[in-house]
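Following: one structure in structure tokens, then a few remarks.
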Amino acid sequence: MWKECADGIIRIPVPLPGSPLKYTNSYLIRGPRNLLIDTGFHRPECRLFLRAALDELGVSLAETDYFITHHHSDHVGLAAELAGEAGIIYIGRVELSWLRSYQKNSEDHPGSWERFDQRFAREGFPKEELIRLWKQNPARIYAPPQGGPYVPVEDGQVLQYGGYQLICRSMPGHTPGHMCLHLPELKLMFLGDHVLFDITPNIIAWPGVENALGDYCESLRDLQQYDIQIPLPGHREAEMPLQERIAALLIHHQTRLAEAEQIVREQPGLTAYELAGKMTWKIRSRSWAEFPLAQKWFAVGEAMAHVDELLARGALTRQEDEKGVCHYQGI
Ligand SMILES: [Zn+2]
């Protein structure tokens, strides 16, 4: 159920039923006050598993605080409920503003679902598919309830738990304000979804973020500067040395960028939605039309992120048609 990965640091794999991610790794740092890093979705299966593990470990919620690597529901989902009145939840300042924006979900707020919908519609995503998505997106269904004892943290801020110094490291890309937590004494880093090992972290375009993939690759190069011997990812296991994985991820994105650029060159005028349908995906689906809707949304979001990076490099141009939909062509 749980496993010690370093002195006083325990990994609890919280199951994510039906998700290809399988589980979210929740990490516990034991001390007079404990720190729990990431939590799983706000749903019964995650709650039961995590609470049973904490009970078995003799952890009192009255003596526990939380650190959330990013605002995705599979990480922040249970934090507010577990913290109750007794704990605080550290989360990057940018992530907190995104989290609050979903909770308000108002049209004028920078992070609301409506702004995502507007951007996806501009990139050719059919409106009726976006409406259907509203009803089945786990990020929306299993999001935490409103409010919570959140405390924003900044890049470089130091937290102290379990006799360790933990440094907040801003690593944007997977989300606009994603943070890793660095424990230099053990050459250990809690990676969240910045680096995963047997799956590739999803990098999508975000409303209000000019070039998420550019940010992500820069954060990967930033992470290359650290000597990390114990990399602790947010999902699954670390199957190879961190540096090896970072190098593979950088190559992966260069290859994908070259593929996207070539497709647009050969078929000028594509929307990002159409481009996504022509890129290669590791998914068992016969055709683009049969892609499950949620997977399609992420695929288009990724195609958009690739297009944004190619625009930043000056490799593509974007043109808006009379309906406000964007079309791309090579230079
Ligand atoms: Zn995740």
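We use all heavy atoms of the structure for the numbers below, so side chains are in, but hydrogens, waters and symmetry mates are not.
For the residue pair Y273 and K296, a side-chain donor N or O sits within less than 3.5 Å of a side-chain acceptor on the partner. The closest side-chain donor-acceptor pair between H42 and E81 falls under 3.5 angstrom. Of the N and O atoms on the side chains of T64 and N34, at least one donor lies less than 3.5 Å from an acceptor on the other residue. Counting only N and O atoms by type, the side chains of Q262 and E266 include a donor and acceptor under 3.5 Å apart. Side-chain contact check for E123 and Y328: at least one donor-acceptor pair (N or O, by modelled atom type) lies under 3.5 Å. A donor-acceptor pair shorter than 3.5 Å can be found between the side chains of W2 and E56. Looking only at atom types and distance, the side chain of T69 has a donor-acceptor partner in the side chain of D38 under 3.5 Å away. Judged purely by distance below 3.5 Å, without hydrogens or angles, the side chains of Y90 and D65 never pair a donor atom with an acceptor atom.
With contacts defined as side-chain heavy-atom distances shorter than 4.5 Å, the pair T317/I331 qualifies. Using a 4.5 Å heavy-atom threshold, the side chains of L181 and C168 count as touching. In this structure, Q224 and L250 have side chains that are in contact, with non-hydrogen atoms separated by less than 4.5 Å. Side-chain contact between L188 and Q229 is absent, with no heavy atoms from C-beta onward closer than 4.5 Å. In this structure, Y66 and I37 have side chains that are not in contact, with every pair of non-hydrogen atoms separated by 4.5 Å or more. Taking 4.5 Å as the limit, some side-chain heavy atom of L257 sits within range of a side-chain heavy atom of L213. Using a 4.5 Å heavy-atom cutoff, the side chains of I230 and L242 are not in contact. D222 has its side chain within reach of M171: a pair of non-hydrogen atoms, C-beta onward, lies under 4.5 Å apart.
In summary, the aromatic rings of W206 and H71 are positioned with their centroids under 6.0 Å apart.
A donor-acceptor contact shorter than 3.5 Å links the side chain of E95 to the backbone of G177. Proximity of a side-chain donor or acceptor of Y27 to a complementary backbone N or O of P233 within less than 3.5 Å is detected. Formation of a donor-acceptor pair under 3.5 Å by the T271 side chain with backbone atoms of C326 is not found in this model. No donor-acceptor pair closer than 3.5 Å links the side chain of D74 to the backbone N or O of F41. Side chain of R122 to backbone of D117: no donor-acceptor contact under 3.5 angstrom is found. A side-chain donor-acceptor contact under 3.5 Å links R245 to the backbone of L196. The backbone N or O of L16 lies less than 3.5 Å from no partner atom in the side chain of S19, so there is not a single donor-acceptor pair. In this structure, the side chain of E4 engages the main chain of G8 through a donor-acceptor pair within 3.5 Å. No side-chain donor-acceptor contact under 3.5 Å links T24 to the backbone of G40. A donor-acceptor contact shorter than 3.5 Å links the side chain of Q225 to the backbone of R221.
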Verdict with supporting geometry, T175 and H178, side-chain contact (heavy atoms from CB on, under 4.5 Å): CA-CA 5 Å; T175 58; H178 187 289; 3.3 Å; yes

Stepwise side-chain contact (heavy atoms from CB on, under 4.5 Å) test for F67 and L166: CA-CA 11 Å; F67 178 88; L166 300 143; over 6 Å; no

Test log, rule side-chain contact (heavy atoms from CB on, under 4.5 Å), inputs L191 and I228: CA-CA 11 Å; L191 295 164; I228 302 298; 5.9 Å; no

Worked verdict on H253 versus Y216 for ring pair (Phe, Tyr, Trp, His ring centres under 6.0 Å): CA-CA 10 Å; H253 286 295; Y216 179 66; 5.6 Å; yes

Stepwise side-chain contact (heavy atoms from CB on, under 4.5 Å) check, F49 with R51: CA-CA 6 Å; F49 187 94; R51 293 207 68 143; over 6 Å; no

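No chain of hydrophobic side-chain contacts below 4.5 Å, direct or via other Ile, Leu, Val, Met, Phe, Trp or Tyr residues, connects L96 to M179. Cluster annotation: L223 is not connected to I167 through the hydrophobic network of ILVMFWY side chains, with a link wherever side-chain heavy atoms come within less than 4.5 Å. Tracing side-chain contacts under 4.5 Å through hydrophobic residues (I, L, V, M, F, W, Y), one never reaches I199 starting from I251; they form parts of separate clusters. In terms of hydrophobic clustering, with Ile, Leu, Val, Met, Phe, Trp and Tyr side chains grouped at heavy-atom distances under 4.5 Å, W288 and V325 are assigned to different clusters. In the hydrophobic cluster analysis, where Ile, Leu, Val, Met, Phe, Trp and Tyr join through side-chain heavy atoms closer than 4.5 angstrom, L28 is grouped apart from I88.
Annotation for R265: atom CZ counts as buried by contact number, over 12 foreign heavy atoms lying within 6.0 Å. With a 6.0 Å radius and a threshold of 12 heavy atoms from other residues, nucleotides or ligands, D321 has its CG atom above the threshold. With a 6.0 Å radius and a threshold of 12 heavy atoms from other residues, nucleotides or ligands, E154 has its CD atom above the threshold.
Atom OH of residue Y161 and atom CZ of residue R30 lie 15.5 Å apart, to the nearest 0.5 angstrom. Atoms NE2 and CD1, on H306 and I204 in that order, are 12.5 Å from each other to the nearest 0.5 Å. Residue L183 holds its CG atom at 6.0 Å from CD1 of I29, rounded to the nearest 0.5 Å. Atom CD1 of residue I12 and atom OG of residue S26 lie 5.0 Å apart, to the nearest 0.5 angstrom. To the nearest 0.5 Å, atoms CZ (F125) and CE (M304) are separated by 9.5 Å. The line from CG of L186 to CG of D7 is 7.5 Å long, rounded to the nearest 0.5 Å.
The two residues E244 and M240 have their closest heavy-atom pair at OE2-SD, 3.7 Å. Scanning all heavy atoms of the two residues, the minimum distance from L316 to G330 falls at CD2-CA, 4.0 Å. Nearest heavy-atom pair across G269 and H327 is O-ND1, 2.8 Å. Taking every heavy atom of both residues into account, L36 and L50 meet most closely at CD2-CD2, 4.1 Å.
With salt bridges taken as basic N to acidic carboxylate O contacts below 4.0 Å, none links K278 and E274. In summary, D308 and R313 do not engage in a salt bridge, as defined by a charged side-chain N under 4.0 Å from a carboxylate O. Using a 4.0 Å cut-off between charged nitrogen and carboxylate oxygen, E259 and R256 count as a salt-bridge pair. R11 and E237 are joined by a salt bridge, as a carboxylate oxygen and a charged side-chain nitrogen come within less than 4.0 angstrom of each other.
Identified under the side-chain hydrogen bond (donor to acceptor under 3.5 Å, both in side chains) test for residues 189-202, with sequence neighbours left out: H70-D193, H75-D193, H174-D193, D193-H235, D198-R236, N202-E302.
Under the 6.0 Å distance and 45° angle rule, R132 does not count as a cation-pi partner of W297.
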